[in-house]
Amino acid sequence: MSIEVRNATKRFGDFVALDDVSVSIPTGQLTALLGPSGGGKSTLLRIIAGLETADSGSVSIEGRDATHEPAQKRNVGFVFQHYAAFKHMTVAKNVAFGLEIRKTPKEEIRERVDELLRLVHLQQFADRKPSQLSGGQRQRMALARALAVRPSVLLLDEPFGALDAKVRKELRDWLRHLHDEVPVTTVFVTHDQEEALEVADEIVVVNEGRVEQVGSPDDLYDAPANRFVMGFLGPVTELSGRLVRPHDVHVFTEPPAGLASTEGRVVRALRVGFEVRLDVALVGVPDAAPTTVTLTRAESRTLGAEAGSTVWLRPAPHALTLAV
Ligand SMILES: Nc1ncnc2c1ncn2[C@@H]1O[C@H](COP(=O)(O)OP(=O)(O)OP(=O)(O)O)[C@@H](O)[C@H]1O
């Protein structure tokens with residue numbers, strides 16, 4: 001394990017931001033700290049970085065007790081959502097900065113900066129100023145700068161959070177490729193479940209100062225430890241006292257023979273891109289929120305259900321369900 005946090009507790013006044021948190025971050029992997037806003041992800045990351053001190057507990061990095069080490073001794077690279085570049089320096093100079101203050105020989109700096117700019121696809125922008133880059137390019141420069149000094153751990157706090165959806169998605173793919181090429185142990189904070197599922201080898205779900213579950217994207221999606229994790233990793237709906245994913249609900253226009261099902265009436269049929277979403281008010285539970293079902297457009301056409309139709313619902317065979 002590259003990073004071990006043991007029993008970390010952090011309070012801000014009366015507020016408990018982290019409550020006895022223990023996590024192990026494996027070497028060479030991309031680990032996401034995922035959870036809702038205010039859950040404690042950044043606090044945990046900052047404690048690993050040494051930018052914040054836990055009230056109790058310990059942090060070890062690569063087998064070394066780092067609990068009382070200052071940030072600059074921990075050999076970690078850090079990238080924030082809003083990256084503070086040196087505005088008056090060129091992109092190449094920004095990337096070289098950490099090497100220059102370490103008095104690295106000039107030739108070595110030149111080679112390393114070239115290599116990094118190639119890695120982050122910014123070679124042609126080496127002589128520009130940061131203000132002449134797009135937001136996405138600036139974050140790539142920030143990553144190159146953080147990697148320059150060969151950190152043993154790279155910590156990213158919502159690195160793409162300030163960018164628009166399309167650029168975010170591009171940078172996600174790019175980060176995954178970069179990590180495959182340079183497999184430095186990386187921990188990144190995100191509140192975006194899709195980002196975590198797409199990019200991470202391992203996900204630590206953090207909520208209300210506690211770790212809810214740790215696992216691979218598949219583990220978490222297929223076997224969520226509780227309702228919170230299930231609901232956070234994707235849409236869920238309620239059917240007969242159980243939580244189920246909307247695409248895991250089967251819809252029939254007649255009661256399915258020999259199978260238990262719940263009758264309802266479609267109150268809304270909405271096309272959302274390639275999907276059709278049906279909201280179904282169940283018979284006998286008038287005050288409950290409608291059950292949501294998602295179908296492909298082809299399934300929806302075959303079924304022929306529309307607003308006002310009577311339908312019967314049941315969880316698909318092998319669907320994951322959890323008691324409400
Ligand atoms: N320096 C501070 N002083 C007081 N409270 C703080 C401080 N830093 C964080 N908190 C509180 O601790 C809680 C956890 O914050 P943290 O930034 O770790 O959450 P997060 O999961 O990273 O959320 P976000 O995604 O919004 O950044 C929040 O309620 C926050 O208001």
Side-chain angles (χ1 to χ4, degrees), residues 3-25 30-59 61 66-72 74 76-84 135-136 138-139 142-143 146 153-165 167-169 171-172 175 185-200 202-215 217 220 224-234:
I3 303 169
E4 294 271 359
V5 177
R6 287 277 152 261
N7 308 105
T9 292
K10 177 72 183 175
R11 289 187 189 80
F12 294 106
D14 287 344
F15 181 78
V16 183
L18 287 182
D19 185 8
D20 197 27
V21 164
S22 297
V23 280
S24 301
I25 309 279
L30 241 168
T31 300
L33 303 182
L34 171 70
S37 183
K41 308 175 297 290
S42 298
T43 304
L44 179 57
L45 196 79
R46 293 171 63 81
I47 286 173
I48 295 171
L51 299 172
E52 198 83 74
T53 319
D55 301 328
S56 56
S58 65
V59 178
I61 298 178
T67 314
H68 302 292
E69 258 181 4
Q72 61 275 20
R74 294 190 184 194
V76 297
F78 213 95
V79 178
F80 300 94
Q81 181 170 346
H82 295 285
Y83 171 59
R138 261 203 297 277
Q139 289 310 84
L143 272 160
V153 173
L154 190 58
L155 304 175
L156 314 175
D157 194 349
E158 301 254 8
F160 314 135
L163 306 169
D164 70 48
V167 178
R168 267 183 92 112
K169 190 148 177 30
L171 284 189
R172 241 186 242 176
L175 177 65
T185 305
T186 302
V187 185
F188 78 102
V189 163
T190 180
H191 60 264
D192 180 338
Q193 39 89 9
E194 199 178 303
E195 187 160 289
L197 289 172
E198 262 188 49
V199 173
E202 180 150 284
I203 301 176
V204 178
V205 182
V206 181
N207 178 40
E208 294 186 342
R210 279 189 287 269
V211 172
E212 299 273 358
Q213 190 172 3
V214 181
L220 264 60
N226 54 41
R227 287 177 295 157
F228 174 81
V229 175
M230 185 172 176
F232 200 73
L233 286 195

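Values in this document were obtained by computation on a predicted structure and should not be read as measured data. Ligands are counted one by one from 1 in listed order, and the atoms in each one are counted from 1 as well.
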Working to the nearest 0.5 angstrom, can you tell me the gap between [X] [atom1] and [Y] [atom2]?
| X | Y | atom1 | atom2 | value |
| --- | --- | --- | --- | --- |
| Gln139 | Leu171 | CD | CG | 8.0 Å |
| His191 | Glu158 | NE2 | CD | 5.0 Å |
| Lys41 | Arg46 | NZ | CZ | 13.5 Å |

Worksheet item: Side chains of Leu34 and Gln193: does their closest heavy-atom pair fall under 4.5 Å?
Response: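 Of all side-chain heavy-atom pairs linking Gln193 with Leu34, at least one is under 4.5 Å.
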
Worksheet item: Side chains of Val21 and Asn7: closer than 4.5 Å at any heavy-atom pair?
Response: no

Worksheet item: Can you find a protein heavy atom under 4.0 Å from atom 30 (C) of ligand 1?
Response: no

Discussion item. Need the ligand 1 atom indices (1-based, order shown) with element for anything under 4.0 Å from a heavy-atom of Ala17.
Written reply: 12 (O)

Worksheet entry | Subset of ligand 1 atoms that lie under 4.0 Å from at least one heavy atom of Pro36 | 21 (O)

Fill in: contact_flag Gly35 ligand 1 heavy-atom lt 4.0 Å
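Flag not set, Gly35 not near ligand 1.
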
Discussion item. Any atom of ligand 1 sitting under 4.0 Å from a heavy atom of Gly13?
Written reply: no

Protein heavy-atom partner closest to [atom] - residue, atom, separation in Å:
| atom | value |
| --- | --- |
| atom 13 (C) of ligand 1 | Phe15 CE2, 3.4 Å |
| atom 17 (O) of ligand 1 | Ser42 CB, 3.5 Å |
| atom 23 (O) of ligand 1 | Gly38 N, 2.7 Å |
| atom 19 (O) of ligand 1 | Gly40 N, 3.2 Å |
| atom 1 (N) of ligand 1 | Phe12 CE2, 3.5 Å |
| atom 26 (O) of ligand 1 | Ser37 OG, 2.6 Å |

Fill in: Glu52 CD: over 12 foreign heavy atoms closer than 6.0 Å
yes

Response to the item:
Note: heavy atom closest to atom 25 (O) of ligand 1, options Arg11, Glu52, Lys41, belongs to Lys41

Worksheet, complete the sentence: Looking at Leu45, Thr43, Leu33, the heavy atom closest to atom 18 (O) of ligand 1 belongs to Thr43

Worksheet entry | Positive for side-chain hydrogen bond (donor to acceptor under 3.5 Å, both in side chains) with Arg6, one of Ser58, Ser56, Ser24 |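 When side-chain hydrogen bond (donor to acceptor under 3.5 Å, both in side chains) is applied between Arg6 and each of Ser58, Ser56, Ser24, only Ser24 qualifies.
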
Worksheet item: Of all heavy-atom pairs between Pro36 and Phe232, which one has the smallest distance, and what is that distance?
Response: N-CZ, 3.5 Å

Worksheet item: For Gly39 and ligand 1, does the shortest N/O to N/O distance drop below 3.5 Å?
Response: yes

Worksheet item: Is the closest basic N to carboxylate O distance between Lys169 and Glu194 below 4.0 Å?
Response: no

